[in-house]
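Down below is the structure, laid out as structure tokens.
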Amino acid sequence: MAKRLSLRLRIFLFFCLLAVGAVVLAVAAMAFVWARADQGVSLSQLITACVIFSFLNTGLILGVWLLFDEHVARPIETLSTNLRLRAHSGVDAGLSMQAAQYLGDLAPAAQALSKASQPPSESTEHTRRLIKERERLTALLSEIPIGTILVNAAKEIVLYDAQAAAILATIAPPRLGAPLADYFDLTALPQLRASGTSVNGAFQLSDVGHHRTFNTRIKALGEEGDIIFIDYDTALLNEAETRPLVFDFDLLEREMTADAKGTKLSDLCFVVFDTETTGLSVETDAIVQIAAQRVMNGRLVEGEVFDAYVNPGRGIPPASTKIHGVRDADVADAPSIEQVIPAFHHFAKDAVLVAHNAPFDIGLLRQQERATGIKWDHPVLDTVLLSAVVFGISQEHSLDALCQRLAIEIPAQHRHTALGDAKATAEALVKLLPLLQGKGIETFGALVQETRKHGRLLKDMNPKQPKRVVQLT
């Protein structure tokens, strides 16, 4: 039980025990004196002396604890947090030598060790070279008038190029790990394999709504999956040019656990989202912008971003526009929330929803369940609670404070925009995940148990929201 408590709390309880022990000993000593004293000492005098001693002793121990907490316990806790940041997230938060002056050589030794463990510069150069080679490959594939999709043995999307992204986008938002059946009618594929034409087989592939058909070829890769080539409509060229090559080859060997609680954090897919609204009430205000960033295998999925203005059907108060910058003119021609939610729901399919102060954002979506017929029963995580698990309840857990702690820069023009905040929160999640795993929290179920210990934070941040909104599932 004691191991679950923070260092500072354990030290505080230790000093409390000292204070109580001293009082108990004083009472015992005075009882001993009273039993053997002459009639000249009255009981009331002994009680008065005991009370005075108790107050003085408690004040002295409290003062010593405050000094110890300020100069020893808190710097040690900060030092351990900074070492975890460096070890697991590559963040050099640093430690003020003035704050750690009473730790002796511990802080300089820890900083020297962390600097010595920095990766060599060749690794950084190697990473830059890989990024440049990826950009060249993306540019090359963008010139080929064929959409390419790689799927694993379970027919889940592992890779798609710019042309394939444009094709998928005409059906639903493209996303890694999605079943190919979410986009296309795959009833023709079993017949292809049965007839022995699965290798270099050519056929017509229809979208799930049977609105369009595509000339398609398929190349079997054995047990690993298939590569699907789709003739590309040049009318989609302008949209394709803005999309990168999207892939995650870890999906070729992914084994998902049926129970989300038992799934490793590194195996989960997250959709980190944020909303901007006409006001601060879940029940009476409306969404004017919603944006999201997908995270898979602990990495941002470049190119898988959702960003949409929403017409709230009412004027946006000037006070709200001053915060997020969304004006009535920006949403005048935007779709309604009933039109946007189905696309966002598809984008977030089979993912854990993540937001900073999630009860507000998820509450807004759930308010639309009756109007849209779409239920938001996704697992939900809140980066406010993740921050509390990693850094302790005594720290500030606003998005700005969290990003500063994790060395994440939010450009001023993007702060308080749905896309800017969603991307910043996603970057924070990517850096928090290894820190959580470093604390021994490996699965989604274990993380949920830890976050529930800090649920009071969300109630304090949402005092005016209905109780059912604040509670997350």
Side-chain angles (χ1 to χ4, degrees), residues 78 81-82 84-86 88-94 127 131 242 244 270-280 287-296 298-310 316 319-327 330-331 344 347-348 351-362 364-365 380-392 395-436 451 457-458 461-462:
T78 303
T81 299
N82 292 344
R84 287 188 181 276
L85 283 170
R86 170 65 70 86
H88 300 297
S89 297
V91 177
D92 184 12
T127 301
I131 293 174
T242 64
F270 303 92
V271 168
V272 187
F273 78 107
D274 185 62
T275 59
E276 300 301 336
T277 62
T278 56
L280 298 177
I287 296 173
V288 298
Q289 186 183 19
I290 183 169
Q293 167 74 61
R294 282 172 64 85
V295 173
M296 290 195 72
R299 299 187 292 270
L300 298 181
V301 182
E302 185 181 356
E304 292 198 349
V305 173
F306 187 94
D307 186 20
Y309 281 123
V310 181
I316 303 175
S320 299
T321 298
K322 188 176 180 180
I323 295 174
H324 51 57
V326 181
R327 303 164 300 169
D330 296 324
V331 300
F344 180 59
F347 183 80
V352 176
L353 289 175
V354 182
H356 198 79
N357 191 21
F360 180 77
D361 297 286
I362 195 66
L364 290 166
L365 296 179
V380 180
L381 286 178
D382 195 314
T383 46
V384 170
L385 300 184
L386 301 189
S387 175
V389 171
V390 171
F391 299 110
Q395 298 291 332
E396 183 183 352
H397 301 292
S398 67
L399 182 58
D400 288 315
L402 178 59
C403 287
Q404 183 178 14
R405 205 173 293 131
L406 295 173
I408 298 170
E409 182 178 354
I410 312 178
Q413 66 272 25
H414 295 159
R415 183 67 175 102
H416 294 301
T417 67
L419 185 57
D421 286 358
K423 284 192 170 184
T425 305
E427 289 183 44
L429 175 67
V430 167
K431 292 189 176 183
L432 286 170
L433 288 176
L435 291 169
L436 292 164
T451 57
L457 272 175
L458 298 182
M461 294 178 69
N462 300 274

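All residue numbers refer to positions in the sequence shown, counting from 1. If you're wondering where the values come from, they're calculated on a predicted model, not measured in any experiment.
- Residues F273 and F344 come closest through the heavy atom pair CB-CZ, 3.8 Å.
- Contact detail for S320 and I316: the closest heavy-atom pair is CB-CG2, 4.2 Å.
- Across all their heavy atoms, L353 and A348 have their closest contact at CD2-CB, 3.9 Å.
- Judged as a salt bridge (charged side-chain N to carboxylate O under 4.0 Å, His left out), and not counting sequence neighbours, the contacts of E304 are R294.
- Contacts of F391 classified as ring pair (Phe, Tyr, Trp, His ring centres under 6.0 Å), with partners at least two apart in sequence or in another chain: none.
- Going from atom CD of E427 over to atom CD of Q293 covers 8.5 Å, rounded to the nearest 0.5 Å.
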**Q.** Pair V310-V331, side-chain contact (heavy atoms from CB on, under 4.5 Å): steps then yes or no
**A.** CA-CA 6 Å; V310 181; V331 300; over 6 Å; no
Q.
What verdict does the side-chain contact (heavy atoms from CB on, under 4.5 Å) test give for V354 and V295, after you've listed the backbone C-alpha separation in whole Å, the side-chain angles of each residue and the deciding distance to 0.1 Å?
A. CA-CA 10 Å; V354 182; V295 173; over 6 Å; no
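- To the nearest 0.5 Å, atom CG of residue N357 and atom CG of residue L385 are 9.0 Å apart.
- Interatomic distance, CG of L432 versus CG of L386, reported as 6.0 Å (0.5 Å rounding).
- Around CD of Q413, the count of heavy atoms belonging to other residues, nucleotides or ligands within 6.0 Å exceeds 12.
- The two residues A418 and A291 come nearest to each other via the heavy atoms C-CB, 3.6 Å.
- Here the straight-line distance linking atom CG of D361 with atom OG1 of T425 works out to 9.0 Å at 0.5 Å rounding.
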Q: Might you work through the side-chain contact (heavy atoms from CB on, under 4.5 Å) test for L399 and R415, ending with a clear yes or no?
A: CA-CA 10 Å; L399 182 58; R415 183 67 175 102; 3.8 Å; yes
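- The OG1 atom of T417 lies 9.5 Å from the NZ atom of K423; values are rounded to the nearest 0.5 Å.
- Minimum interatomic distance between H397 and S387 (heavy atoms only, all atoms of both residues): ND1-OG, 2.7 Å.
- With a 4.5 Å cut-off on side-chain heavy atoms, Q289 and D307 count as touching.
- Inter-residue side-chain proximity for R405 and Q395 is flagged as met; some heavy-atom pair is nearer than 4.5 Å.
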Q.
Run the side-chain contact (heavy atoms from CB on, under 4.5 Å) test on T277 and F360 for me, step by step, so that the C-alpha distance in whole Å, both residues' side-chain angles and the decisive distance to 0.1 Å come before the verdict.
A. CA-CA 10 Å; T277 62; F360 180 77; 3.9 Å; yes
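- For the atom pair CG of L435 and CG of L406, the computed distance is 7.0 Å after rounding to the nearest 0.5 Å.
- Of the residues listed (T383, D382, D421, D274), the one engaging H356 in a side-chain hydrogen bond (donor to acceptor under 3.5 Å, both in side chains) is T383, and it is the only one.
- Summarising the geometry of A428 relative to L402, their closest heavy-atom pair is CB-CD2, 4.0 Å, with the distance given to 0.1 Å.
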